[in-house]
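Since we're looking at a predicted model, the values are computed, not measured. Quick note on labels: first sequence line is chain A, next is B, and so on, each numbered from 1. All values below were derived from every heavy atom in this structure, side-chain atoms included, with hydrogens, water molecules and symmetry-related copies excluded.
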Amino acid sequence: MLNTSGRIAAMRKHGKTVFCDISDSTGRIQLFINKKNLDDTGWELLGKLDLGDIIWVSGSLFVTRTGELSVRVVSLVLLVKAVRPVPVVKTDAEGHVHDAVSDPDFIYRHRALDLMLNETSRNRFIARSRIITAVRSYLDSDGFLEVETPVLQQIYGGAAADPFVSHYNSMDDQCYLRIATELYLKRLVTGGIHRVYEIGKDFRNEGVDRTHSPEFTQLELYEAWTDYEGMMSRFESIVQAAAQAAGVGPVVHYAGHDIDLTPPFKRISFVPALHEKSGEKLFEWSTERLSGLVSSLGLGDGINERPALLDKLFDHYVTPGIIQPSFVIDYPVELSPLAKQKADDPGITERFEAFIAGLELANAFSEQNDPVYQRKVLEDQAAQSQHRKGVVDNEFLYALEVGMPPAGGLGIGVDRLVMILTGAASIRDTILFPYLRREQ
RNA sequence: GGGCCGCUAGCUCAGUUGGCAGAGCAUCUGACUUUUAAUCAGAGGGUCGGGGGUUCAAUCCCCCCGCGGCUCACCA
């Protein structure tokens with residue numbers, strides 16, 4: 001005799017015999033319900049049950065003549081009535097799913113139904129959780145300390161993005177939701193936490209598309225006594241651990257490509273790749289000429305900042321073709337204000353961005369720890385900024401001035417990693433409750 | 001923000017050169033004691049995203065709006 005409960009997923013009535021499938025997070029089992037095994041109350045209740053109702057049953061296990069493990073029900077209790085109709089999804093003998101709830105608007109707004117009915121979605125979020133657990137486990141076992149830094153910040157930084165602005169009533173103070181954790185985590189490296197990481201939400205006040213969400217989960221890690229080469233190894237290891245946790249790899253199929261996650265990943269040098277793919281020596285062009293090209297390619301008008309132009313052209317010519325896991329290295333210094341320059345070429349930084357399937361998954365560099373140089377870069381940047389004229393994070397610079405050990409830093413877009421590993425076409429499919437416009 | 005596409009029953013979708021709104025599943029009634037997309041017979045179910053316009057007549061054509069998707073722009 002056993003007791004179990006679950007949500008009614010299917011019901012096949014045959015007069016005085018009824019087959020009913022119930023499911024919970026541990027699985028699905030068939031109930032064999034026969035009038036002769038139930039009292040009248042139970043039998044009467046059975047007639048009123050709908051798909052989606054949650055019931056409790058007791059009975060004995062047996063195998064039907066078609067070989068299916070079932071519960072011969074002797075007692076039946078309604079635990080929860082589904083007062084709103086639950087859509088019916090059926091899977092036929094060939095495994096084809098019929099009437100799957102697929103309207104994206106419906107799925108994002110009614111995630112409860114999506115998870116209840118769509119196995120793909122349910123499995124994706126389970127995989128996401130396991131991926132994050134595996135990444136934590138990898139870092140923890142290698143001596144990294146997980147920390148939490150402020151989400152509410154008086155000075156935001158660590159990335160070039162517009163913030164969400166808020167207001168703290170009690171102190172009558174304007175504050176911002178963080179756009180990155182970088183500048184706080186580096187203070188911890190100075191403080192002697194030489195292996196440190198945070199997994200958390202960053203918020204960027206920008207448009208939404210297939211690969212961007214206004215709130216997204218980022219892993220940032222910092223490690224003293226290493227550099228961007230060390231971060232490449234970390235990235236490769238993290239991808240390995242994540243893929244294993246997701247139950248995929250070493251080759252994953254994504255967006256029509258077979259992607260081999262086996263390290264080492266390819267390295268692509270920024271300027272040569274840009275020159276090769278564009279067929280022009282763009283890096284030697286004047287800013288005015290670059291601006292004209294960007295404009296004529298329809299990539300944006302009126303842009304006259306050299307870093308932005310180069311970045312845009314790189315994204316246009318090179319990025320889409322990077323399918324296999326690759327590190328783009330040797331970024332021009334103008335694109336990388338927080339990165340350390342190469343000893344033998346101050347125009348190039350010790351930095352990489354990691355790409356898979358044309359998606360930017362990570363950004364990393366040997367951290368700039370020269371306080372004089374860093375202050376100059378940030379102050380110059382602040383002087384040019386329209387929104388934050390003259391605002392510099394002096395506490396961050398103070399930490400550099402005290403002396404930050406040489407360190408590598410790595411930021412990984414967790415949602416995008418989950419996309420690749422779970423075959424999600426949109427970042428929204430990896431976020432349980434993506435931001436949607438209000439319903440009228 | 002621009003362009004394109006979509007919005008019809010609880011779910012998935014048809015549909016009409018503009019003429020009473022359709023199917024499958026779900027729901028309700030009935031039949032059926034080993035089924036598994038159960039089957040069979042019958043029934044109910046709609047502001048055709050919202051508003052305006054054209055028309056004898058609009059779910060369909062036109063305009064405005066809403067929501068969503070793709071895409072471009074924005075995006076260290």
* Structure fact -> For A:Leu290, the side-chain contact (heavy atoms from CB on, under 4.5 Å) test, sequence neighbours excluded, returns A:Leu282, A:Trp285, A:Arg306, A:Leu309, A:Leu310, A:Leu313

* In chain order, what residues pass the side-chain contact (heavy atoms from CB on, under 4.5 Å) check against A:Arg12, with sequence neighbours excluded? ->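 Residues passing side-chain contact (heavy atoms from CB on, under 4.5 Å) with A:Arg12: A:Ala10, A:His14, A:Phe19, A:Asp21, A:Gln30.
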
Looking at [X], does any N or O in its side chain come under 4.0 Å of the phosphate oxygens OP1/OP2 on [N]?
| X | N | answer |
| --- | --- | --- |
| A:Lys312 | B:rC75 | yes |
| A:Arg84 | B:rA26 | no |
| A:Arg437 | B:rG66 | no |

Look at the side chain of [X] and decide which nucleotide, out of [options], has an atom nearest to it.
| X | options | answer |
| --- | --- | --- |
| A:Arg109 | B:rA26, B:rC67, B:rG69 | B:rC67 |
| A:Thr17 | B:rU12, B:rU33, B:rA76 | B:rU33 |
| A:Asp105 | B:rA76, B:rG68, B:rU27 | B:rG68 |

* To do: Can you run down the ring-ring contact (aromatic ring centres under 6.0 Å, His included) pairs that involve residues 342-385 of chain A, sequence neighbours left out, and say none if there aren't any?
  =>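 Passing the test, one end in residues 342-385 of chain A: A:Phe327-A:Phe352.
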
* **Donor-acceptor under 3.5 Å (A:Glu367 side chain, A:Gly409 main chain)** =>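 Yes; at least one donor-acceptor contact below 3.5 Å.
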
* **Main-chain N/O of A:Glu68 paired with A:Ser70 side-chain donor or acceptor, under 3.5 Å** => yes

For RNA chain B, which residues of [range] approach it to below 4.0 angstrom with any heavy atom?
| range | result |
| --- | --- |
| residues 29-48 of chain A | A:Gln30, A:Phe32, A:Asn34 |
| residues 351-375 of chain A | A:Arg351, A:Glu353, A:Asn363 |
| residues 203-222 of chain A | A:Glu206, A:Gly207, A:Asp209, A:Arg210, A:His212 |

* To do: Report yes or no: do A:Arg72 and A:Asn34 form a side-chain donor-acceptor pair below 3.5 Å?
  => no

* Asked: Do A:Val391 and A:Glu379 have side chains that get closer than 4.5 Å, going by heavy atoms?
  ->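 The answer is no, as the side chains (C-beta and beyond) never meet within the 4.5 Å cut-off.
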
* **Under the salt bridge (Lys or Arg N to Asp or Glu O under 4.0 Å) test, residues paired with A:Asp311 that sit two or more places apart** => none

* To do: Go through the structure and list residues passing salt bridge (Lys or Arg N to Asp or Glu O under 4.0 Å) with A:Arg7, not counting sequence neighbours.
  =>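 Not a single residue meets the salt bridge (Lys or Arg N to Asp or Glu O under 4.0 Å) criterion with A:Arg7.
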
* Stem list, RNA chain B (Watson-Crick or G-U pairing under 3.5 Å, at least 3 consecutive pairs) -> B:1-7 with B:66-72, B:10-13 with B:22-25, B:27-31 with B:39-43, B:49-53 with B:61-65

Using a heavy-atom cut-off of 4.0 Å across all strands, would you classify [X] as base, sugar-phosphate, or nothing?
| X | answer |
| --- | --- |
| A:Gln381 | base |
| A:Ala180 | nothing |
| A:Leu117 | nothing |
| A:Ser336 | nothing |
| A:Ala159 | base |
| A:Arg65 | base |

* Can you label the angle between the A:Phe144 ring and the A:Tyr197 ring as parallel, tilted or perpendicular, going by 30° and 60°? =>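 Rings of A:Phe144 and A:Tyr197: perpendicular, over 60°.
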
* May I ask you to decide if the ring planes of A:Phe32 and A:Phe62 are parallel, tilted or perpendicular, using 30° and 60° as cut-offs? =>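 Judged by the thresholds at 30° and 60°, the geometry between A:Phe32 and A:Phe62 is perpendicular.
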
* **A:Glu229 and its salt bridge (Lys or Arg N to Asp or Glu O under 4.0 Å) partner, picked from A:Lys342, A:Arg267, A:Arg234** =>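 That would be A:Arg267; it is the only one of A:Lys342, A:Arg267, A:Arg234 passing the salt bridge (Lys or Arg N to Asp or Glu O under 4.0 Å) with A:Glu229.
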
* Knowing that exactly one of A:Met231, A:Arg195, A:Glu146 qualifies, which makes a side-chain contact (heavy atoms from CB on, under 4.5 Å) with A:Leu221? ->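 For A:Leu221, the side-chain contact (heavy atoms from CB on, under 4.5 Å) test succeeds with only one of A:Met231, A:Arg195, A:Glu146, which is A:Met231.
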
Show each protein N/O and nucleotides 5-10 of chain B N/O combination with a separation under 3.5 Å, one pair to a line.
none

* Reading 5' to 3' through nucleotides 37-44 of chain B, protein heavy-atom contacts under 4.0 Å coded B for base, S for sugar-phosphate only, - for none -> BB------

* Asked: Is the gap between the ring centers of A:Phe164 and A:Tyr176 under 6.0 Å?
  ->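 No - the distance between ring centres of A:Phe164 and A:Tyr176 does not fall below the 6.0 Å cut-off.
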
* To the nearest 0.5 Å, what is the distance between CD1 (A:Ile131) and CG (A:Leu219)? ->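 Answer for the CD1-CG pair, A:Ile131 versus A:Leu219, is 12.5 Å.
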
* Calculate, to the nearest 0.5 Å, the distance between atoms CD1 and OG1 belonging to A:Ile412 and A:Thr217 respectively. => 12.5 Å

* Report the distance from atom CZ of A:Phe314 to atom P of B:rA76, rounded to the nearest whole Å. =>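 Going from A:Phe314 (CZ) to B:rA76 (P), I get 15 Å.
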
* **Stacked cation flag A:Arg128 on A:Phe125, 6.0 angstrom / 45 deg** => no

* Asked: Mind checking what makes side chain to side chain donor-acceptor pair (under 3.5 Å) contact with A:Thr319, not counting sequence neighbours?
  -> A:Asp315

